[in-house]
Protein chains: 2
Amino acid sequence: MATIEDVAKLAGLSRSTVSRVINNHPYVTEKKRQLVYDAMRQLEYHPNSSAQRLRTQKTNTIAVLVPRLTNPFFPLLVEGLEEVAVENGFQLLICQTQANEEKELSFLHMLTTKQVDGLIFTSIENEWSTVEPYMQSGPMVLCNEYRSDVNVSIVRLDQVKGSYLGAQYLIDKGHQAIAYCGATTSELGRDREKGFIQALAEAGLSLKKEWYFDNLYSIDCGKRVLRNILEMDPNDRPTAVFTGSDEVAAGIMKEARQKGLSIPKDLAVIGFDDQPIAELLEPSLTTIRQPTKDMGRQTMEVMLSMLTNEQKKHPYERKVVELPIELIKRESV
Amino acid sequence: MATIEDVAKLAGLSRSTVSRVINNHPYVTEKKRQLVYDAMRQLEYHPNSSAQRLRTQKTNTIAVLVPRLTNPFFPLLVEGLEEVAVENGFQLLICQTQANEEKELSFLHMLTTKQVDGLIFTSIENEWSTVEPYMQSGPMVLCNEYRSDVNVSIVRLDQVKGSYLGAQYLIDKGHQAIAYCGATTSELGRDREKGFIQALAEAGLSLKKEWYFDNLYSIDCGKRVLRNILEMDPNDRPTAVFTGSDEVAAGIMKEARQKGLSIPKDLAVIGFDDQPIAELLEPSLTTIRQPTKDMGRQTMEVMLSMLTNEQKKHPYERKVVELPIELIKRESV
DNA sequence: TTGAAAGCGCTAACAA
DNA sequence: TTGTTAGCGCTTTCAA
């Protein structure tokens, strides 16, 4: 492999001049610039990325932590993140945590080893107290999932409103017995619960403990929920289910059909996300639309502004962005 | 940030000894090893990744080129690739080409700039002649898509058999008028076409030009196909469609319902991939199952063996792995 | 078993 | 406008 030294020799110039050409610096005469280009081409020279990183202390890479890419929500988010990153000369390092605390920690490590310039969480597995120390190694932004009581930049949705809209719609459609699929472990999950309960309360209803399903995320989880519902007393079981994701909703619907239930007649189902699958299901899925890709774009913009401010030696400024969320009415309710 | 020098000083030892401890070399007394560990902990020292890379000329990172992550086939493939990579201390750099030639080229570049140790294609956008020169910069493996006439390692499926099975099944079910959604641009696409035509030929049938839809990949593409079919003469139009992906099949089915067609009565549909969505559709989708995740695992194993052989200064040995493919019968045919 | 020293390939401050 | 020079932080001979 040719090095900058080889190019300099061949061009009859110094390494500095070659470096200036590589980095598009001013104050290089056109003639010498050409000399350098010729030499680079002749030697098939390409600057060594590790050397550049070591010297500049920058990687132009941003880590994005996602639980798993097989959940279609995240590829969409990544698409938004990546668009803005690439527009600004940055690269993404996509890290699947598999919802595993240790894996997440190992990725956080990349910030301290200077393998990445910044890090974006789209979900958080560890306690914030164990994450926080890593903030001194580089900028972090929370996207989607959040912690409102800590000093970190956040781009998120109004989850309270999301579930409120869903519950209200079910109630408007005459449902009184509504099951809930949620997650108690995250603030996002607790906010959704808040909105859901609020809508119920305004209608004089409350959430039954036995109708609360916790910690669900997959199609199979959804199927299990449906089977659980079927095991309940037929005279006292939910007529509608609010779910935390289109996957779970799809699982419920699939299993319902399997068991001979008709949707929405026997059971109304409402999803969350508005993934492509929502429209394809039969009946098509009523769901809460998240502006996923836009959330990605905005997150990356916050991250890049932090990286830029950092260069100006300004302290990081906390930004909180909240994006709108809406109900998409289809046929499953 | 603490450096190795700081650790050495605090421990009262040399940089070399600290380095040996970091890299688990033998010949360090337990006592000094502890001294080093203590110093590292005290200083919160973490080796700088760029420096290690520059010095060792290794990144322990492998680039994986995918067209886009929003096609669920690829996250599944990546999962397999990543499992094996992580098991062996390697990291994945996932690169979305957006099916764009220039983007692909820019990622190939990472091999020459030593940003990655090896590169895996899951689809190829450029001519092989423009890709080939990059092989001298590091090992490459083709996964899923392939070029049988070039000297590169490949892990792939028997595509001829895949489409043969699908076509044969449709014919067995009594279909004579079968539309085909394919791709002429890749060898994979041409092989599928081969198998399809072969099955037809054995039944004394042939593929109508007007029933050939080229270059389709998304749900919307599928919808368009269905509309095209409906514009045909009702007395001379396909009774079945063979598609190149579950997405396209889903689009066709969705639009068919929209237009009042019943599946499979009015139109039989067969997919390709067996993604989660295949089972969820109504009716559920008959499709060709690809052992996607396993294909990923095997690909990474080939890549790692090349990386290892490289260290032994052996020339790369071309490996070709072909995985089985099967027909999953459901309700859409 | 340990340390000294060289150098991976690059950028940037400084001098000219 | 260009070149000289000093490292960035690490690993790895080589010698002790």
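Convention: sequence-line order gives letters A, B, ...; per-chain numbering from 1. Below, all heavy atoms of this structure are taken into account, side chains as well, without hydrogens, waters or symmetry copies.
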Distance check needed: [N] [atom2] versus [X] [atom1], whole Å only.
X	N	atom1	atom2	value
A/M1	C/dC10	CE	C1'	13 Å
B/L54	D/dC10	CG	P	12 Å
A/E5	C/dC8	CD	P	10 Å
B/Y27	D/dT13	OH	C1'	16 Å
B/Q52	C/dC8	CD	C1'	13 Å
A/I22	C/dG9	CD1	P	13 Å
A/I4	C/dC8	CD1	C1'	14 Å
A/Q57	C/dG9	CD	C1'	14 Å

Residues in side-chain hydrogen bond (donor to acceptor under 3.5 Å, both in side chains) contact with [X], at least two apart in sequence or another chain:
X	answer
A/R33	none
A/T17	A/S14
A/E101	none
B/R68	B/Q98

Residue [X], side-chain heavy atoms: nucleotide from [options] that is nearest:
X	options	value
A/V28	D/dG9, D/dT12, D/dT2	D/dT2
B/R20	D/dT1, D/dG9, C/dG3	C/dG3
B/T56	C/dA12, D/dT12, D/dT1	D/dT12

Could you tell me whether B/Y134 atom OH has more than 12 heavy atoms of other residues or ligands within 6.0 Å of it? yes

Under a 4.0 Å heavy-atom cut-off, which of residues 29-48 of chain A touch DNA chain D? A/T29, A/K32

Please enumerate all residues that pass side chain to side chain contact (heavy atoms under 4.5 Å, CB included) together with [X], with sequence neighbours excluded.
X	value
A/E5	A/T3, A/K9, A/R15
B/I22	B/I4, B/V18, B/M40, B/Y45, B/P47, B/Q52
B/T130	B/L105, B/N126, B/E127

Take A/E301 and A/K319 through the test salt bridge (charged side-chain N to carboxylate O under 4.0 Å, His left out) and record every step on the way to the result. CA-CA 11 Å; A/E301 260 146 27; A/K319 284 189 191 156; over 6 Å; no

What residues 6-19 of chain A contributes to the DNA chain C interface at heavy-atom separation below 4.0 Å is A/R15, A/S16, A/S19

